4 protein chains.
Amino acid sequence: MAPIVSEEYKEKKKRHILDSSLKAFGEKGFQLATIDDIVAESGLSKGAIYNYFKSKEDIYLQLMQRKTEENIAGLKERFRKKETAEEKLRQFFKNYLEIKLSPDWQRMIGVHLEFWIHSGRDEELKRVMTARYEEVYRTLLMEVLQEGIDQLEFRPDADPAIISSLVWGTIDGTCLHYSVIGNDYPFREQMKTLEEMVFMYVRKGERE
Amino acid sequence: MAPIVSEEYKEKKKRHILDSSLKAFGEKGFQLATIDDIVAESGLSKGAIYNYFKSKEDIYLQLMQRKTEENIAGLKERFRKKETAEEKLRQFFKNYLEIKLSPDWQRMIGVHLEFWIHSGRDEELKRVMTARYEEVYRTLLMEVLQEGIDQLEFRPDADPAIISSLVWGTIDGTCLHYSVIGNDYPFREQMKTLEEMVFMYVRKGERE
Amino acid sequence: MAPIVSEEYKEKKKRHILDSSLKAFGEKGFQLATIDDIVAESGLSKGAIYNYFKSKEDIYLQLMQRKTEENIAGLKERFRKKETAEEKLRQFFKNYLEIKLSPDWQRMIGVHLEFWIHSGRDEELKRVMTARYEEVYRTLLMEVLQEGIDQLEFRPDADPAIISSLVWGTIDGTCLHYSVIGNDYPFREQMKTLEEMVFMYVRKGERE
Amino acid sequence: MAPIVSEEYKEKKKRHILDSSLKAFGEKGFQLATIDDIVAESGLSKGAIYNYFKSKEDIYLQLMQRKTEENIAGLKERFRKKETAEEKLRQFFKNYLEIKLSPDWQRMIGVHLEFWIHSGRDEELKRVMTARYEEVYRTLLMEVLQEGIDQLEFRPDADPAIISSLVWGTIDGTCLHYSVIGNDYPFREQMKTLEEMVFMYVRKGERE
DNA sequence: AATGAATGAGAGTTCATTCAT
DNA sequence: CATGAATGAACTCTCATTCAT
């Protein structure tokens, strides 16, 4: 017998639940947001939600996973079109300059960072998150930096591992501050300055 | 009528409860840590804790306040002894290089950052935290940078506001990553690199 | 989407909880009766009770409101059928003579009076209760007395306001004593005597 | 060795604690008033209070007992000076007319009535209270009424038992309403009317 | 006698999850 | 598949009472 509802239908529902959950989590944080908040936000019933996810934690996990995947896919997509390491690195910072700094985004950042801290307290989750960070995020930037060094665009004694780690740290820290302070925070100026600093650092300390 | 226990006794008790709470919060996070966890950690009774603090939230607030104050006092103390802006800035980074990267410190960082995010969701708290960040943390660094510019140690077109904000962002982001990843994370190397980058940036882009 | 249970079902549940609560409150008083007592009495779970009422106080309030409404409706219904003021007044006292003096009723009276005192300590509640007393209870009796005066059944210099207030006071006081003393208390004889006294008083002091 | 503090001292302290407790109970009711409220009201320490009373319930009991005894003593004292039954009965009502209707008195009434209801729920207490009511309060009035009948002041077929019970009921009910409603309640007019009614009833229904 | 910090049983309430309909 | 009433463990907080000082 054919399934009563199509896979697309189910996928759409899941996505809807995840979107609603993100709003709820953004408003109050994961712990304080209740299933009833998600019910209210989504317009679905409690039972419906539990048909698609096995627990509140499961929603959280899947939500974070998807956002991370979208994020990574976006980054990779943008890198693909560029030729040189410099172009790629410029594109990297450009992404952050182009982010629409809406309250929604601000809240989403809060959820992300909260999840990141949360995962530090759960061995299993920590392993997954650390691995992903190492394999995907840091590697992505490292490869660009290494490419720059190999192509003699960047100075040979720069350490791609540390620089990429530092850049990711700065980005997360900047997002963290923005997520608390909001529009009074000089998010873009800071990203611009970070870009300058990094380029100055990798290009033998030459002025831009 | 003279009090039966001294103020020092009460202060010691409060500190003991706060220390125990920090452990409990570090282990599970603020929401998941229960009063019973604090009871177990501290060896006191539930009632005793409520004799000193009016709620779990109150413990959290006072804990964060104290840690922040200690932090600020420590920073200021260290700056006081130094003469030039460069020396002060070097001292600033040195502090972070000298931190003992224990599991305890790692957990404390988690609690701190969690609180920072938490405060972004509460208007009142957000105001307090943002004000403190602006007035204390950022100003501290800005003044050193401005001093360096005025003394012609640093280049005149550097923006102290943005640089200090960026540095704090980087530090918080680095701490965030460390708090999740732990000892595999190149915390010190990164701090060293940050120092290099910043000096290179403020000193007309000269190589170190 | 149609609700899974009917409104009647929910109404029945609410009534069941209120009935169980009345028993629990009657047994120990509002403060001393616990939610667990209501749980035990009702056979429901704690959560179920909180699905229908938002707090213990809410149960108390709704319970008292309903009982009052039933009470008033009953009084009005009985008055409606009678023609003369004397008949109405006789009917009024008859009601109290016909009450089944069960332990249940005795307990209910205790809860009622406790609530009445309770409301004197809460400004908001006091306003509501005083208003209801004035507008409903006292007015009901006053109108009958005024009617009797207008129809020359009762002496013209009787003060309906004071008499009705006095009668209600006597009834509540008698109920109060009965609720404590129980079956040894001459509830009916007293009501009979009150009736005699009142009629003697309003009918120019003639003997019955 | 002589006791360190005199009996008078201890008696004074006890009285002070009872007075403070009455205020606390009047404000919030017995259950809701805490030992800390009594501490705050009395200016004594917790330990001091427990030196004089063995529990909160004990304070309540002794408080009510004293107030009752004062009450009875006052009534008897006033009766003693009067000659005829009519004079005594007039004096009885006069007492209530002369009460100073202060907020304090209003609150005290609340405590008294609350205690009365409370005692209905405790077999031991109920026995004591019922006995006292029968032996003292009701008997006091009954004796006056019987005296009036014997002296041919009142009609011979009046039932002293029922009348006295009814009068006490009316007084308690009137006090109950006053304790909730306060100064808008026609306490004195009602007492006056009660007096009229009773005299009319016992004097063969003659108009005053 | 007096103090008030300490105790801990027990209160009201919440909410993730289940399951009969 | 959808519904939302029902569940009950677990939470935070209170407060009468004790007892070392």
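In what follows, chains are A, B, ... by sequence order, proteins preceding strands, each numbered from 1. On a predicted model such as this, the values are computed, not experimentally measured, just so you know.
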Measure NZ/C:Lys56 against P/E:dT13 and give the value in whole Å, please. 8 Å
Between B:Ser55 and C:Leu44, who's closer to the 5' end of DNA chain F by nearest nucleotide? C:Leu44
Spacing of B:Phe53 atom CZ relative to F:dT14 atom P, expressed in whole Å: 15 Å
Between P on E:dT13 and CD1 on C:Ile49, what's the gap in Å once rounded to a whole number? 11 Å
Could you state the CD-P distance from C:Glu8 to F:dA5, rounded to the nearest angstrom? 14 Å
Using a 3.5 Å distance criterion without hydrogens, assess whether the side chain of B:Asp37 forms a donor-acceptor pair with backbone atoms of B:Ala33. no
Applying side-chain contact (heavy atoms from CB on, under 4.5 Å) to D:Glu114 and C:Arg121, what does each step give before you reach the verdict? CA-CA 12 Å; D:Glu114 193 187 24; C:Arg121 292 180 178 129; 3.3 Å; yes
Nearest whole angstrom, please: distance from the P of E:dT13 to the CG of C:Asp36. 12 Å
Contacts to DNA chain E from residues 9-35 of chain C, heavy-atom cutoff under 4.0 Å, which residues? C:Ala33, C:Thr34, C:Ile35
Closer to the 5' end of DNA chain E via nearest nucleotide, is it C:Lys46 or B:Asn51? B:Asn51
Specify the closest pair of heavy atoms between A:Val39 and A:Ser45, including all atoms of both residues, with the distance to one decimal. CG2-C, 4.2 Å
By nearest-nucleotide position on DNA chain E, the 5'-leaning member of C:Tyr50 and B:Tyr52 is B:Tyr52
More 5' along DNA chain F: A:Gly47 or C:Gly47, using each one's nearest nucleotide? A:Gly47
Does A:Lys14 NZ have over 12 foreign heavy atoms under 6.0 Å away? yes
Does this structure show an ion pair linking B:Lys46 with B:Asp36, if we count only N-O contacts that are shorter than 4.0 Å? yes
E:dA11 C1' sits how many Å from C:Ile38 CD1, rounded? 13 Å
Is NZ or CZ of B:Lys56 both nearer than 6.0 Å to the six-membered ring centre of B:Phe30 and within 45° of the ring axis? yes
Base-paired stems that DNA chain F participates in, counting runs of 3 or more Watson-Crick or G-U pairs under 3.5 Å: E:2-21 with F:2-21
Kindly check if the number of other-residue, nucleotide or ligand heavy atoms within 6.0 Å of NZ (B:Lys23) is above 12? no
Among A:Glu11, A:Lys12, A:Lys13, find the one that has a side chain to side chain donor-acceptor pair (under 3.5 Å) with A:Tyr9. A:Lys13
Over how many whole Å does the gap from A:Tyr60 atom OH to E:dA16 atom C1' extend? 16 Å
Ring geometry between B:Phe115 and B:Tyr60 (parallel below 30°, tilted from 30 to 60°, perpendicular above 60°): perpendicular
